[in-house]
Each structure stands twice: as structure tokens, then as C-alpha cells.
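Below: the structure, in C-alpha cells.
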Amino acid sequence: MPAAAATSSTIFGLSTEIIGIWVAALLTLAIYSFLYADNPVYKVAEHIFVGISAAYGAVILYYQALLPKLVKPLIIPLIDRVWHPELADATSPRYTLLVPMFLGLLIFSRFVPKYDWLSRWPIAFVMGLYAGLSIPRSVQEIILKQMHGTMLPLLPRGANGGYDFLTGFSNLLLVMGVICTLAYFYFSARHEGLLGRVSRVGVWFLMVAFGAGFGNTVMARISLLIGRVQFLLYDWLPTIGIHLGGPGMG
Amino acid sequence: MWEKLLFFDRRIIFVFIAIAVWVPFLTQLELPPGQTNPRTQALYDAIENLPPRTPVMVAFDYGPSGMPEVHPMAKALTRHILSRNLRLLGVALALTGPPMCQDAFSSVSQDLDKQEGVDWVNLGYKPQPVAVITQIGEDIRRAFPEDAQERAIDELPVMAGIHNYDDIGLVIDLATGNTPGAWIVYAHGPYKVKVAAGVTGVMATDYYPFLQTGQMIGMLNGLKGAAEYEELINHRDLGTLGMGSQSVAHLLIILFVTLGNVGYFAFTRRR
Amino acid sequence: MRLHIPIGLGFLAGAFMIVQFFVPHPSFEESYKALMDWTMIIGAFALVLGLQSLFRTHIDKIRRRRQGYGYSFVALISFAVMFMVGIVHGAKPGSLFDWLFMNVQVPLEATIFSLLAFFIASAAYRTFRARTPEATILLLTAVVVMLGRVPIGEFIYAQVPEATEWIMSVPTVAAKRGIMFGVALGVIATSLRILLGIERSHLGGGR
Amino acid sequence: MIGQKAKRMLFLISVTALLMGLIVSNAVAQQPPPPESGAEAEVKWFDPEHTNVLVVVVLYSAIVIFCIYYARRREMYIRPIAGLEAVNDAIGRATEMGRPILYVSGLSGISDIATITSMLILGHLAKRTAAYETPLIVPCNDPLVMTAEREIVHQAYTEAGKPDAYEPDNIYFITDSQFGYTAAVDGIMVREKPAAIFFMGYFYAEALILAETGNMTGAIQIAGTDADTQLPFFITACDYTLMGEELYAASAYLSRNPLLLAQLKGQDMGKVLLGAAIIIGVTLATVCTFVAPDIIEMFLSWFKV
């Protein structure tokens with residue numbers, strides 16, 4: 001992890017980089033202990049993880065959303081206007097932001113049982129917003145795009161002008177697969193007779209896809225473990241004087 | 001006795017997987033990489049055919065989590081590009097990219113005795129991928145007036161005469177996300193610059209169509225792509241070693257699946 | 001009233017999102033961006049509620065001396081340290097906040113993520129049994145593709161990598177498209193249900 | 001009756017006006033300065049490139065709405081979905097063993113319809129667990145989802161006649177970090193030992209970590225996701241898996257509400273149309289390899305986005 005330490009100051013005679021590597025290595029080993037069984041070491045690492053990451057999320061949300069999108073354009077100018085009217089011409093507050101602030105504050109109505117139904121307003125607003133957004137998006141990104149990609153000639157011409165039977169066969173299989181898979185998802189009829197047979201073929205296609213998806217992911221997952229092994233071998237072990245004759249990561 | 005093959009403690013599998021991954025690193029096991037994928041070869045040939053001092057832009061669009069798969073590619077490509085005496089420009093559309101770029105470029109250039117600012121430069125990170133890609137098409141100075149260390153790029157010899165995609169021989173995107181698509185649409189599309197990519201094994205299938213249509217000239221596919229490339233440039237490194245772990249682990253999983261099935265059939269037949 | 005205001009709000013927000021998709025006018029573009037900012041702001045307020053529930057869970061555990069309450073101290077202290085460091089010293093690269101992120105959160109993330117290497121193996125062993133024709137298909141494709149991804153595959157049979165790519169680009173794509181079409185239809189129908197107020201369990205209306 | 005309808009209309013109209021006014025004023029406030037002289041940009045109110053999207057949106061919405069409002073009175077057959085048939089067994093098992101049920105509603109946040117669907121499924125589930133007073137634990141990674149889920153579960157308990165059994169602290173926020181959340185939920189699984197675990201919604205790489213850990217604890221696991229990349233892992237590690245569209249059918253299926261079931265009919269009609277369009281497109285594409293390739297180009301280009 002070359003990015004581990006941007007600064008190389010020292011604490012108690014140890015460089016922050018070395019401390020960082022040790023912290024990371026111990027936490028790494030703590031998590032792996034879970035593979036044997038749940039244990040106090042894993043629990044400590046897990047709770048550190050929860051605390052640190054929840055705070056990280058909160059701080060990032062503060063700097064990237066609250067500060068630039070609400071505090072700076074609305075609250076600070078508003079305060080300026082009220083307490084420092086002499087500076088009023090600096091920036092005018094964006095009053096429309098009072099709406100999301102109001103909706104956001106309504107969420108706190110959950111603390112007051114009598115008015116907790118008010119918290120439904122912001123939820124309804126946000127859910128409606130994304131529901132609306134998803135309708136044209138799904139049509140454009142999935143339905144039209146994938147339909148376009150599926151309308152293939154079953155007997156295409158190859159590069160040399162002759163017929164390309166192999167591609168034609170693949171195209172036929174692709175179209176069949178799409179139709180059969182769709183048939184599997186048909187809900188309002190019994191899967192018997194023709195529909196039953198077609199949807200059965202659909203299930204076969206699904207199984208091929210899932211098998212392939214599984215097999216294709218194995219390499220990526222093993223790579224993740226390789227990454228941790230490399231960290232322990234080439235970054236951590238050297239700090240206790242064990243140098244393995246391998247290529248370093250940085 | 002067959003039941004044992006059917007239901008053994010999964011922790012035994014965990015131990016075997018750990019051994020399978022550690023041992024190739026401890027023993028420096030190098031397995032032969034097999035035949036080179038034509039997409040890997042195409043990328044190698046494209047770099048091989050560039051005239052000396054042609055700038056090659058490498059985009060670092062991955063972070064620590066993508067390192068195991070993508071970083072070996074970055075190092076192998078860097079080695080090839082610098083040893084061919086081409087100019088190397090690193091950019092990052094991912095926030096976590098610049099340290100990756102710095103590590104790949106500086107470690108390899110020490111080996112090859114190449115100089116920062118003369119042979120290579122790390123231009124750093126800029127947000128909003130599409131805007132950055134488009135700005136480079138107009139003038140790279142609009143997107144990257146300074147490098148990662150805040151030096152004006154006009155003062156760097158490596159940037160001499162580079163204005164936009166017309167001056168760049170090849171763009172290679174090393175990515176764990178969907179940025180290769182953006183490079184194809186917004187850089188190759190309007191500006192006709194050649195684009196190639198190095199992506200994780202899971203992502204690779206998404207880009208086959210672009211290779212078929214020629215919008216992308218070559219692609220490295222996961223750790224295997226990195227190992228193949230290391231073989232092509234004749235410098236075996238982390239990709240080859242990692243591939244050793246991969247092969248052993250894959251075989252091990254298949255072995256376990258086979259054992260499970262043998263146990264299953266023997267068990268059910270006996271019943 | 002309790003029901004109609006939220007339904008109206010949701011409908012309007014959704015209807016605007018649909019309309020703005022088709023209108024290239026810059027004012028709609030700006031409003032779209034503004035609305036997206038609004039949801040972020042609402043989300044920031046909701047986070048306060050979320051954090052309150054996180055604290056409550058742990059403080060409650062400590063107060064009642066429930067089993068493992070000591071770990072709740074760990075979580076609360078980790079949170080407090082990270083939060084204070086971030087707010088007081090800032091979150092810029094090179095800061096203490098950044099150091100904690102790079103040396104605590106990043107390796108923890110990478111390690112939890114890498115547990116998948118173990119779990120993918122144990123899941124394969126346990127489930128890939130040729131019990132039914134469907135399970136056999138799943139098992140065989142998985143094995144072929146697994147072999148096709150490492151050099152050893154082609155030493156066993158030279159065509160394995162090619163077969164893998166064919167599987168990935170023809171039958172797999174077919175099934176994935178089938179799934180995606182169904183999902184898109186389901187997404188749109190569900191969205192309509194929410195916009196039209198037919199679904200109102202989230203609004204306390206119940207149905 | 002009419003009076004109430006009129007009141008509702010009036011109300012809707014006034015809220016519309018209010019919100020539109022706000023949106024427009026906001027837009028005006030943020031409008032970029034007019035383009036430099038000469039470059040008079042023509043103001044457009046419809047993007048003709050999106051005509052095809054508009055046609056499909058209108059057509060499909062009409063089908064769904066038609067089905068909901070006209071087909072709702074008829075009895076409708078819905079094919080069995082194995083994962084949903086098992087829901088009652090799972091709840092029953094948890095009740096018998098006196099152990100809780102764990103519900104994970106995906107990691108994609110409230111912006112994803114999969115999460116919203118998952119929250120609706122949670123509502124139906126809560127109605128059934130309320131009847132048995134089986135504890136329902138819902139750890140969350142998005143505070144807005146948490147807020148909405150508390151509302152939904154509260155409502156479900158009220159409808160089941162057990163408002164006092166509702167325990168808001170069982171629906172709690174952990175962290176928005178993907179793997180931080182995963183680590184914590186893994187911990188909950190091994191410590192609380194839920195009898196049944198539900199994974200409903202959109203999942204990323206954590207799917208297998210969660211499902212394998214759940215499997216180790218011996219819980220009944222029912223998953224449902226539209227994340228095609230994660231389906232193979234749920235299928236291998238869970239007892240039942242709702243695939244893709246089945247997730248969207250689940251809330252209708254569980255509710256047995258004719259209005260919602262009619263929606264499934266609409267989805268099926270959409271599928272038939274979609275399949276027919278593909279077959280026509282393929283036939284045309286094939287025929288036109290031999291004659292008149294321009295026609296097929298025209299037809300196919302309509303679907304281009």
C-alpha cells in the first residue's frame with residue numbers, strides 16, 4: 001500500500017508509515033480470525049470498523065453535501081444578513097434551499113410521537129423523485145438499448161461477403177435465450193405445455209449464465225486475497241526484518 | 001467413508017485456499033503462461049509500432065481495492081512504454097488513481113534509469129471524467145495545467161509539443177469501473193485517438209463488443225492479461241506470480257467440487 | 001390530509017423527473033441538479049437520525065451491561081475519534097483523518113472483501129453437486145469458465161479459453177438480457193405504483 | 001363523495017402549483033448567464049432524440065394502469081414462486097425456535113427501486129411476524145431507508161393489531177460503508193443466531209460474504225435481487241432465491257392484493273410485446289440481409305438511444 005502514509009513524521013521514534021503498516025496488518029489478521037470462529041479479536045476489529053466508517057461517512061457527507069450545498073449557499077449568507085446587515089450585498093441566500101431544509105427537519109418529527117407522521121413527507125418526496133427518474137431511465141438504458149442489441153440477423157454476411165453460419169447460429173441462440181428467459185418470468189399463466197417447455201429452456205440459459213458468472217468471478221476474488229498476501233509479505237514482514245526475495249509493491 | 005467427502009468442515013477448505021495462495025509467493029512458483037490472448041498481443045503490437053518519443057497516455061482509474069489485478073498491468077505497461085523510449089503521461093479520473101500512477105511510474109523508471117518530467121509525468125487527478133476527457137481533446141492544458149506536484153506542465157520537457165489527442169499515440173485506461181466506455185465514447189469517438197484498456201476479469205466481458213467493432217484496439221483481461229504481458233516483454237513479475245496462485249486456487253476449487261460430487265454419487269448409490 | 005400531502009409530494013416530484021428527461025431546456029436541467037442536491041440535503045438530516053440510532057444501540061448496551069458491552073465502547077470511541085479528527089483538522093490528503101482512513105478503514109475493507117476468496121471456494125464445494133439437470137448445467141459451466149480463466153485450462157484442452165469466451169458472450173448475455181428486461185418492466189410498474197399512490201405502506205396508508 | 005374528490009383535486013392542484021413555482025424560481029435563480037452575443041441558442045422544449053423513449057414509456061404505462069384499473073376485479077392466477085411459498089415456513093420456524101428474523105434490504109440506498117421494493121416486502125413480512133410477535137431485526141446502511149422502514153414496520157404492526165409489539169430499536173443504522181456494514185451484519189448473524197435471514201434488494205460483492213456466513217449459522221435463507229452479477233452467489237448459498245423480476249413480483253404476491261396482482265398482468269403483457277418486437281426485428285434483420293438492407297436500418301435505428 002504505497003499510499004499508506006503521505007507524511008513521514010515520527011511518533012515515539014517510529015515513523016507514521018511503520019505504525020500505519022502495523023495497524024493495517026494487525027487489523028487484517030484480526031478479520032481473518034473470523035474464518036476460524038467468532039472471537040474477541042474479530043469483535044474489536046469489527047467495532048472499530050463500524051465506528052471509523054460511520055464517522056468517515058458522516059464527515060464526508062458534511063464536507064461534500066451539507067457544507068457546499070446548504071451551509072454555504074443558505075445558512076451563512078442568512079446569518080450574515082441578520083447579524084451583519086452592513087455586509088448584506090456580499091451574497092444573497094438561496095431561499096429555495098429552505099424547502100429541502102424544511103423537509104429534512106421534518107425527519108426529526110420522529111422524536112415527537114404525536115407528529116411523527118410528518119416524517120413521511122420527506123420520504124414520500126425522495127421516493128417519488130427516484131421512482132419518476134427510474135421510469136424513462138429504465139426504458140432508455142435497458143429496454144431500448146438491449147432490444148436494439150438483440151435484433152440480429154440469423155444469417156449475417158461475413159467480412160468476405162459470404163454467409164457467416166457460425167455467427168448466425170450464435171445469434172439464433174442469443175435470441176432464443178432471451179425469449180425463453182422472458183418466458184420463465186411470465187407470472188400470470190401456469191407453466192405447462194408450450195410455456196412450460198419454453199420456460200424450462202429459459203431456466204437452462206439462466207443456469208449457464210449463473211455458472212459462467214460464478215466461474216468468471218473466482219479469479220477476481222482470489223486476486224483480492226493475493227492483494228492482502230502481498231501486503232503482508234512485502235510491506236509488513238520487512239518491518240520486522242523479514243525480506244522475501246520477491247518483487248516489492250512499492 | 002463417502003459421507004466425509006460430502007460434509008467436511010469448511011475451515012479445511014479455507015486452510016487449503018490460504019496455502020494455495022501463499023505458497024506460490026513463498027516459493028516464487030512461475031507457471032508457464034500459456035498462449036497469449038490476441039487482445040493482449042494487439043496492445044503489445046500497438047505500443048511496439050509507435051515511433052520513438054511518441055506520447056502514450058495511461059489513465060489510472062483504480063484504487064487500492066483494484067491493485068491486485070490491475071497494478072501488475074500498470075507496471076508491465078510502464079516498463080514496455082519506457083523501454084521503447086516513448087513518453088508516458090499518467091492521468092487519473094479516479095480520486096485514488098494518482099498514488100497508483102506514482103508507484104508504477106517511479107518504481108519502473110528507477111530500474112530503467114528514466115527521468116520524471118523528461119520521460120514520464122504524473123498529471124494527477126481531476127474530477128468529472130467526461131469533462132476531463134473532452135477538455136484533453138481541446139487542449140490538455142485546460143484539463144491539466146499542472147502536474148500532480150503542481151509544476152506547470154509547460155516547463156516539463158516531457159510535455160513539449162503535446163496539445164491534444166492528435167499528438168498522443170495511444171490512450172490506455174486501467175480501470176475497475178466503467179471509465180473505458182467514457183474514453184471510447186468521448187475520446188475515440190470525436191477525436192479518433194486509439195484507445196486500449198486493462199480491466200479486471202469481471203469487467204472484461206463488458207468490453208468485448210468494443211473490441212469487435214474496433215473502437216478499442218486491445219485489452220488486458222485481469223491478472224492473466226498482466227501475466228501474458230509480462231511474458232511478452234520478458235519480465236516476469238507480480239502478474240506471473242499471482243497467476244501461479246490463481247492456477248493453484250482454481251484447480252483446488254475444481255478438485256473440491258469433484259470430491260464433493262464423487263462423495264455425493266457414491267453416497268446416494270449406496271443408499 | 002395526512003395521506004394526501006405525501007402522495008401529492010411524491011407524485012409531483014416523480015412527474016417532474018419524468019418530464020425533465022424529455023425537455024432539453026436548460027432550466028429543467030438546472031432544476032434536476034437542484035432536486036438531486038435537495039435529496040442529498042435531506043439525506044444529511046436523515047443521517048442524524050441514523051447516527052442517533054447507532055449511538056442509542058451502543059449506549060443502551062453499555063447501560064444495561066448486556067453481553068459484549070465492552071465492544072460498544074470500542075465502536076463509540078472509534079466514531080468519536082474519527083469524527084472529531086475529521087471535523088476539527090479537516091479531511092484533506094495528508095491529514096490525520098486521511099491517515100486513519102488509509103491505515104484503518106482501507107485495509108479493513110480490503111480484508112473483508114478478500115474473505116470472498118474463501119467463501120467462493122466453500123460455496124462451490126457445498127453446492128456444485130450434480131443433483132438435477134439444472135444443477136449439472138450450473139456446475140459444468142462454472143468449471144469450464146474457471147478453467148478458461150487460467151493458463152492450466154488450455155493445457156487440459158486447447159479450446160477451453162475460446163469456449164469460455166463463447167459462453168460469456170452468447171448464452172450468458174442472452175440470459176442476462178432476459179433478466180434485465182424483466183427487471184426493467186418490474187421497476188417501471190413499481191415506480192408507477194408509487195407515483196400513483198397505489199402503494200402507500202411507506203406513507204402509513206396501508207393496503 | 002364528489003365533494004371529497006373535488007377537495008382532493010383542489011389540494012393536489014395547489015400543491016402542484018406550489019412546488020412548480022418553487023422549482024421554476026429555483027431554476028431562474030440558477031439559470032446560467034445568457035450565451036455570448038451571436039450564439040443565440042434556440043430554446044427547445046422537447047428532445048426529438050427521446051421520442052422512442054416517450055413512446056415506450058407512454059405505451060407501457062398505459063398497459064400497466066389499464067390492468068390495474070380494469071382487470072382488478074377478476075380472479076387472477078399467479079404462478080407459484082418457491083421463495084415466497086417458503087416465507088411462512090421461515091417465520092414459523094423462527095417463532096418455534098424463539099429466535100429472531102434478520103432482514104437485509106440491499107445496499108443500494110433509497111435511490112434504487114430495488115430498495116423501495118424491498119421495503120414494501122418488509123412491510124408484508126412484518127405484518128406476519130407481528131402476529132406471532134417474532135422479533136424482526138433490520139440493520140440498515142442508509143439512514144433514509146432506516147427512517148422509511150421504521151414507518152413501514154410500525155404501520156404493519158398497527159395493522160396486525162399489535163402496535164405495542166413494535167420495537168423501533170430493532171431497525172437501526174450501522175454504517176454506510178459497504179464492508180463495514182458487512183462485517184457488522186456477519187457479527188449479528190453469528191451472535192444473535194437468527195432462525196431466518198432475508199436478503200432482498202440490490203447487492204454488490206458483499207452478497208456472498210453475507211450469505212455464506214448466514215449459511216454457516218444454519219439459518220433458513222431467502223434471497224431476492226435484481227443484481228444479475230450476484231444471483232449466482234445467492235443461488236449457491238441460500239435456500240431460496242428470487243431472481244430479477246421475481247423480486248418485483250414479491251410484494252404483490254405476498255399482499256395477495258388484487259390491485260397489485262393486476263400490475264403483474266401488466267408486466268406480463270409488456271413481456272409479450274417485447275418478445276414480439278424482438279421476433280419481428282430479428283425476422284426483418286434476417287430477411288433484409290437478402291433484400292433491401294436500408295429498411296432494416298430504418299427500423300433498427302428507431303431503437304437506438
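Chain naming here is simple, since letters A, B, ... match the order of the sequence lines and numbering starts at 1 in each. Keep in mind that the numbers below use all heavy atoms, side chains included, and drop hydrogens, waters and symmetry copies.
In this structure, chain A has heavy atoms under 4.5 Å from both the backbone and the side chain of C:Met180. Contacts of C:Tyr71 with chain A are made by both backbone and side-chain atoms, with heavy-atom separations under 4.5 Å. The parts of A:Val44 that come within reach of chain C are both its backbone and its side chain, each placing non-hydrogen atoms under 4.5 angstrom from that chain. Proximity to chain C (any heavy atom under 4.5 Å) is restricted, for A:Tyr62, to the side chain, taken from C-beta onward. The contact between C:Phe119 and chain A is made entirely by side chain atoms (from C-beta outward), counting heavy-atom distances below 4.5 Å. Looking at A:Leu66, the atoms closer than 4.5 Å to chain C (heavy atoms on both sides) all sit in the side chain, from C-beta outward. When heavy atoms are compared at a cutoff of 4.5 Å, A:Met147 approaches chain C by way of both its backbone and its side chain. Proximity to chain A is limited to the side chain of C:Leu47, based on heavy atoms less than 4.5 angstrom apart. Contacts between C:Phe113 and chain A at a heavy-atom distance below 4.5 Å involve backbone atoms as well as side-chain atoms. Looking at A:Leu61, only its side chain comes within 4.5 Å of chain C, counting heavy atoms on both sides. Contacts between A:Leu105 and chain C at a heavy-atom distance below 4.5 Å involve backbone atoms as well as side-chain atoms. Residue contact with chain A, scored on non-hydrogen atoms closer than 4.5 Å, involves the backbone and the side chain of C:Ile120 alike. Only the side chain of A:Phe185 comes within less than 4.5 Å of a heavy atom of chain C; its backbone N, CA, C and O stay farther away. Residue A:Phe102 does not touch chain C at all, counting heavy-atom pairs closer than 4.5 Å. For chain C, no part of A:Tyr184 is nearby; none of its heavy atoms comes within less than 4.5 Å. Looking at A:Leu35, the atoms closer than 4.5 Å to chain C (heavy atoms on both sides) all sit in the side chain, from C-beta outward. Both the backbone and the side chain of A:Ile19 come within contact range of chain C, judged by heavy atoms closer than 4.5 Å. In this structure, the portions of C:Ala124 lying under 4.5 Å from any heavy atom of chain A include both its backbone and its side chain. For A:Thr150, the parts sitting under 4.5 Å from any heavy atom of chain C are the backbone and the side chain alike. Both the backbone and the side chain of A:Val218 come within less than 4.5 Å of a heavy atom in chain C. Both the backbone and the side chain of A:Pro40 come within contact range of chain C, judged by heavy atoms closer than 4.5 Å.
Looking at C:His89, its side chain never comes within 3.5 Å of a backbone N or O of C:Val85 through a donor-acceptor pair. Judged by distance alone, with hydrogens and angles left aside, the side-chain atoms of A:Arg120 form no donor-acceptor pair with the main-chain N or O of A:Asp116 at under 3.5 Å. Of the possible donor and acceptor atoms, one in the side chain of C:Asn103 sits under 3.5 Å from a partner among the backbone N and O of C:Trp99. In this structure, the side chain of C:Arg177 engages the main chain of A:Gly149 through a donor-acceptor pair within 3.5 Å. In terms of modelled atom types and a separation under 3.5 Å, the side chain of C:Gln20 and the main chain of C:Met17 share a donor-acceptor contact. In this structure, the side chain of A:Tyr63 engages the main chain of C:Gly86 through a donor-acceptor pair within 3.5 Å. A donor-acceptor pair is defined here as one N or O able to donate and one able to accept, closer than 3.5 Å; no such pair exists between the side chain of A:Ser199 and the backbone of A:Gly202. Under a 3.5 Å cut-off, the side chain of A:Thr167 and the backbone N or O of A:Asp164 do not form any donor-acceptor pair.
Of the inter-residue distances, the one linking A:Leu27 atom CG with C:Leu108 atom CG reads 4.5 Å to the nearest 0.5 angstrom. Distance check: A:Asp235 CG to A:Trp22 CH2 gives 13.0 Å after rounding to the nearest 0.5 Å. Here the CD1 atom belonging to A:Ile226 is positioned 5.0 Å from the OG atom belonging to A:Ser223, to the nearest 0.5 angstrom. C:Thr141 contributes atom OG1, which lies 8.0 Å from atom CZ of C:Phe128 (distance to the nearest 0.5 angstrom). Rounded to the nearest 0.5 Å, atoms CG (A:Leu129) and CH2 (C:Trp38) are 9.5 Å apart.
In terms of heavy-atom pairs under 4.5 Å with chain C, the best-connected choice from A:Leu118, A:Leu173, A:Val50 is A:Leu173. Options A:Pro68, A:Pro122, A:Ala58 differ in how many heavy-atom pairs under 4.5 Å they form with chain C, and the most are formed by A:Ala58. Ranking C:Ala189, C:Ala123, C:Ala135, C:Ser78 against chain A, the residue ahead of the rest is C:Ser78, based on heavy-atom pairs under 4.5 Å. Counting heavy-atom pairs closer than 4.5 Å to chain C, the top-ranked of the candidates A:Leu70, A:Ile48, A:Val23, A:Ile222 is A:Ile48. The candidate from C:Leu76, C:Ile179, C:Leu51 with the greatest count of non-hydrogen atom pairs under 4.5 Å with chain A is C:Ile179. Among the candidates C:Val81, C:Leu140, C:Leu192, C:Ile188, the residue making the largest number of heavy-atom pairs closer than 4.5 Å to chain A is C:Ile188. Options A:Ser119, A:Pro136, A:Ser138, A:Ala65 differ in how many heavy-atom pairs under 4.5 Å they form with chain C, and the most are formed by A:Pro136. In terms of heavy-atom pairs under 4.5 angstrom with chain A, the leader among C:Trp166, C:Phe83, C:Phe97, C:Tyr32 is C:Phe97. Ranking A:Arg110, A:Met219, A:Glu46, A:Met127 against chain C, the residue ahead of the rest is A:Met127, based on heavy-atom pairs under 4.5 Å. With chain A as the partner, the residue from C:Leu54, C:Val19, C:Ile112, C:Leu100 showing the most heavy-atom pairs under 4.5 Å is C:Ile112. Among A:Ala25, A:Pro100, A:Ser134, the residue with the largest count of heavy-atom pairs under 4.5 Å with chain C is A:Pro100. Chain A forms the most heavy-atom pairs under 4.5 Å with one residue out of C:Pro133, C:Gly178, C:Ser114, and that residue is C:Ser114.
Evaluation of the salt bridge (charged side-chain N to carboxylate O under 4.0 Å, His left out) rule for C:Glu109 yields no partner, not counting sequence neighbours.
Aromatic ring orientation, A:Phe111 versus A:Phe108: parallel (interplanar angle below 30°, classes split at 30° and 60°).
Here the side chains of C:Ile156 and C:Val160 are not in contact, with every heavy-atom distance at 4.5 Å or above.
Under the 4.0 Å criterion applied to side-chain N and carboxylate O atoms, A:Glu141 and A:Lys145 are assigned as salt-bridge partners.
Using a 3.5 Å distance cut-off with no hydrogens or angles, the side chains of C:Thr164 and C:Arg149 do not pair a donor with an acceptor.
Cation-pi contact between A:Arg228 and A:Phe231: present, with separation from the ring centre below 6.0 Å and deviation from the ring axis of at most 45°.
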